[in-house]
Amino acid sequence: AGVRFEDAGDAEDLGRGPGGCYGAAAQVRLWSRAWLVVSVAGAHEANAVWLACGSAGLLESLNCGHATGTYRALAAATGGRYAAASEVRQQGHRWLRSASR
């Protein structure tokens, strides 16, 4: 009760203006209202700087075997937590070849 899940869909398209430029206001609103963000690894996670202080933070899916401390540091800077989840077999992009057989 009292919990709302929001699928941001193509969050990178939020606030995109007629010229194709990204507007920041919609992304700041989305991330600052979030209690927990669950996301695949990517540059859009730089928006973690907008997480509210005391939020649950960022849960990052390292689905391609790529790991960096960047988003952990950004979440920590806001007082939020960070956790990462990785593939069990760490196949990275090799799954594309095996899935197409």
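Because only heavy atoms are used, hydrogens play no part in the values below, and waters and symmetry mates are left out as well, while side chains stay in.
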For residues L62 and A84, report the shortest heavy-atom separation together with the two atoms involved.
-> CD1-CB, 3.7 Å
With sequence neighbours left out, what residues match R33 under salt bridge (Lys or Arg N to Asp or Glu O under 4.0 Å)?
-> E6
Please name the pair of heavy atoms, one in S32 and one in A52, separated by the smallest distance, quoted to 0.1 Å.
-> O-CB, 3.7 Å
Residues 46-57 vs side-chain hydrogen bond (donor to acceptor under 3.5 Å, both in side chains), sequence neighbours excluded, gives Q27-N47
Treat each ILVMFWY residue as a node, draw an edge where side-chain heavy atoms are under 4.5 Å apart, and state whether V28 and L74 are in one component.
-> yes
Report yes if the side chains of L59 and V37 come closer than 4.5 Å at any heavy-atom pair, otherwise no.
-> no
Identify the two heavy atoms, one from A48 and one from A75, that lie closest to each other, and give their separation to 0.1 Å.
-> CB-N, 4.3 Å
Should L58 and V49 be regarded as members of a common hydrophobic cluster, given that ILVMFWY residues are connected when their side-chain heavy atoms come within less than 4.5 Å of each other, either directly or indirectly?
-> yes
Which residue pairs satisfy the salt bridge (charged side-chain N to carboxylate O under 4.0 Å, His left out) criterion with at least one member in residues 34-46, sequence neighbours excluded?
-> none
